[in-house]
Amino acid sequence: MIKNRLLHDVKNRGISAWFLSAVFTAFYLVLYFTERLTPIAQAIGLDSKWTLYGALYTLAVTAGGIHVIRKYKHNRYQVIRTVTVIVIQATFAFSIPLLLKFFQQPEYYFSYFWPLKMEYLTPSYIFSLPLPFIIYSILGSALLVPILGVFFGKRWYCSWVCGCGGLANTFGEPWRHLSDKSTTSWKIEKVTVHAVLGITILLTVLLFISYGTGNTYRQLANFQTLYGLIVSSILAGVVGVGLYPLGGTRIWCRFACPMAALLGLVQKIGRYRIKVKENMCISCGLCSKYCEMGIDVRAYAQANKSFTRASCVGCGICAEVCPRGVLKLENFSPPAATKAKLVQIKTAPRG
Amino acid sequence: MHYVIIGNGVAGITAAFTLRDRDPHARIAIISGESDYFISRTALMYAFMDRLNLRDLEPFERKSYDAKKIERIRGWVTNLDAGIVTLNGVRKIHYDKLLLATGSVPIQPNWLGLESVRTGAVNFVSLQHLEACEQLAPTTRRAVVAGGGLIGVELVECLTHHGIEVDFLVRDSWYWPMALAKEEGEIIAAHMRRHGVKLHLNHEITQVTADAKGRVEAVKTSQNIEFPCQMLGICIGVRPAIDWIRGVTTARGIQVTNSFQTSLPNVWAAGDCAELPNAQIEQIWYSAKRQGELAAKAMLGDTVNYQAPLFYNSAKFFDIEYTTVGAAASESFFHQVPGKDISFRIMHENGAVTGFNMLGSRWDHTYFENWIHERRTLKEVLANLHQAQFDVEFGRIPTPHD
Ligand SMILES: Cc1cc2nc3c(=O)[nH]c(=O)nc-3n(C[C@H](O)[C@H](O)[C@H](O)COP(=O)(O)OP(=O)(O)OC[C@H]3O[C@@H](n4cnc5c(N)ncnc54)[C@H](O)[C@@H]3O)c2cc1C
Ligand code: SF4
């Protein structure tokens, strides 16, 4: 009973949740805007506060991931996805960049792409890299990201690869249900996330123009610094993680991430969707409650509508928690391709 | 036109929305004694287990009532006359067309001594029951739940979640013989026991005792065994909520035609409270929803000739998901995945498949329905079973044919 009450408090915006939120926010403020963590990092033999941060981040993803794997051990989608998230965090997002640096190569994160990582399509940065990195950077952002998005939806990135999503789906698991489900927040999200994407594209184009013409504009440099401060530090870090215990785990992904916005647009024309089993929903609301992106999944399920929402990151938890097995994530192939399978025995029409 | 609906359950609200979609100008009022807004009764257990807040039980945003101009009236209807209903014994509400969608109430047993229990005995059907359960749980160490159906298991799961020791008393010789064969009953029984539930088969309560303050203290069963408890969950079934209704013909439920018309002109009934011409009462969510929609259409003047479709349902026993379609038959194919709480049962008769009972994996029941309608053979169905699977990606369970 006491354990239940404590869990309730920390998961439902109780005092302990406010306290944790303050701790997380303070941590990010100290990390981004002071050098206090540098001596700590050096004391344990790490070269910088950023390496310390990377180590803590990887630890949080791993510990949270193990918890998630145990919680959903009966669900192979969750197990495989979570193992992938941990492995990618530990390698591409932590040890490989360190190794690269050790061998005097650029500290490159193969799991990040433009527009999430602005630099990876910023000409002055990428053209300073060795050729293979240039090719990976450009092909990754321009081809790999959208093509996989068409076939698998944004989930291949947002729920399987990305570090922000990775932290949300592992360490953030206790707070995933706090996302706001109202249609009002859906309206706000559409405006803000696309605005950030617009600004990101604008900035990128301007940087290319400035690089191409060989001019350096002071205002552009200021714009870039401001972007880095507001989008990368404050929105992704301080707000994004600091508010986990109060507003849920995907505030950054939902309201501000330019990569999520772009992949969302791709997802809408691609194959990924959530299939709804016809007339089986009991409107219990667990799917909506545990949707970290604030999608009112129940609204679709009780109306028998299979659907694709731009914001859906394909974490698969709606399908996991549904007590009636109503929902299924799928890479839907148009009926023409499945016809061959149906000749032998007539089956139900696809919903 | 003034439409009045009694009961803001799934039948009532579906009817209200259907009426509004078709008639943008009519006055529509929905009356409920239970809650201000429609709630999902099926999710009561998740509220009790703290996986949902009360507000999460509301399937529609509150503003949708205003957006659809549906007036909500809170209170209990106590009387029904031609053209008029009475709220809480005083307030008169006129109607042009009325829908009765009053749902179910729990069946109360006549166990010796139950009448002397003032607190501790609970049902688990309404919001008020949920409140009572939540109040009692913190002072309960041991509980008894009686009744081997679906609501019983849900209550058992909730109480177990709160660390309460539960004796689950089931009258039959295996769990839920009405729907399950012995093998499945045993799979579920073993599963519940692994969750710490003390399941007692062949036990029927005969007597209840209360302490000096009137709190339930123990029950005694047909086998003359006494189970001490501070909470007693009575889950032995539900019946149509029609006790207050006069003036329309009732049997077990409110008798309706195939277009949901009652014996009183301009009065229809749908959902758990309605008894169809073949004396059938469908007490499940999906039927209530379907009936609510069709009754509304009948009220709007459409020709409706409702025939209950092929039965299907789903449930969850702790972690075991269950899908059922169709009906039992003289023969059946049964397969259990070794060592797992996963089983397949396909019932068949005279060469044609008649029903499915599937535990522990996910199925798209619409395939099963088609196969039954098409009178497919067991062989055909087994060979194509994978088409109906609905498991999560990477999680497909091998079928007996794989
Ligand atoms: C705990 C539980 C779990 C369930 N789980 C499932 C499930 O998983 N799957 C499934 O298919 N079915 C399930 N059911 C059954 C399902 O909930 C019902 O079949 C369905 O809710 C019936 O809907 P209804 O609209 O007919 O009635 P109800 O939902 O019962 O609504 C009737 C409403 O009318 C109100 N009312 C009654 N009389 C009056 C009056 N005189 N004045 C004012 N208001 C009145 C009641 O208070 C109630 O709010 C479950 C039921 C319970 C109790
Ligand atoms: S969790 Fe499943 S049954 Fe519950 S509302 Fe969502 S889709 Fe419907």
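Convention: sequence-line order gives letters A, B, ...; per-chain numbering from 1.
By the neighbour-count criterion of 12 heavy atoms within 6.0 Å, atom CZ of Arg375(B) is sparsely surrounded, having that number or fewer from other residues, nucleotides or ligands. The neighbour count for Lys305(A) NZ, taken as heavy atoms of other residues, nucleotides or ligands under 6.0 Å away, does not exceed 12.
Residues passing the salt bridge (charged side-chain N to carboxylate O under 4.0 Å, His left out) test with Glu293(B) are Lys297(B), sequence neighbours excluded.
Of the atoms belonging to Tyr46(B), it is side-chain heavy atoms, and not backbone ones, that fall under 4.5 Å from chain A. Only the side chain of Thr323(B) comes within less than 4.5 Å of a heavy atom of chain A; its backbone N, CA, C and O stay farther away. In this structure, no portion of Glu369(B) lies under 4.5 Å from any heavy atom of chain A. For chain A, the nearby parts of Glu393(B) are the backbone and the side chain; heavy atoms of each come within less than 4.5 Å. With a 4.5 Å cut-off on non-hydrogen atoms, Tyr322(B) does not touch chain A at all. The contact between Glu320(A) and chain B is made entirely by backbone atoms, counting heavy-atom distances below 4.5 Å. For a residue to count as touching a neighbouring chain, one of its non-hydrogen atoms must lie under 4.5 Å from one of that chain's; by this rule Asn53(B) touches chain A with backbone and side chain alike. For Ala299(A), no part lies near chain B; criterion is any non-hydrogen pair under 4.5 Å. Contacts between Ile282(A) and chain B at a heavy-atom distance below 4.5 Å involve backbone atoms as well as side-chain atoms. For a residue to count as touching a neighbouring chain, one of its non-hydrogen atoms must lie under 4.5 Å from one of that chain's; by this rule Phe60(B) touches chain A with the side chain only.
In this structure a side-chain-to-backbone donor-acceptor pair under 3.5 Å is missing from Tyr286(B) to Cys281(A).
Chain B forms more heavy-atom pairs under 4.5 Å with one residue of Ile80(A), Leu329(A), Val321(A), Leu7(A) than with any other, namely Leu329(A).
Rounding to the nearest 0.5 Å places CG of Asp391(B) at 15.0 Å from OH of Tyr77(A).
Scanning residues 10-20 of chain A against chain B with a 4.5 Å heavy-atom cutoff picks out Asn12(A), ordered by number. Scanning residues 144-155 of chain A against chain B with a 4.5 Å heavy-atom cutoff picks out Arg155(A), ordered by number.
Under the side-chain hydrogen bond (donor to acceptor under 3.5 Å, both in side chains) criterion, no residue pair touches residues 150-160 of chain B, with sequence neighbours excluded.
Salt bridge annotation for Lys289(A)-Asp56(B): present, with a cationic side-chain nitrogen under 4.0 angstrom from a carboxylate oxygen.
Using modelled atom types, one finds a donor on one side chain and an acceptor on the other under 3.5 Å when comparing Lys63(B) with Thr183(A).
A 4.5 Å side-chain heavy-atom check between His162(B) and Asn4(A) finds at least one atom pair inside the cut-off.
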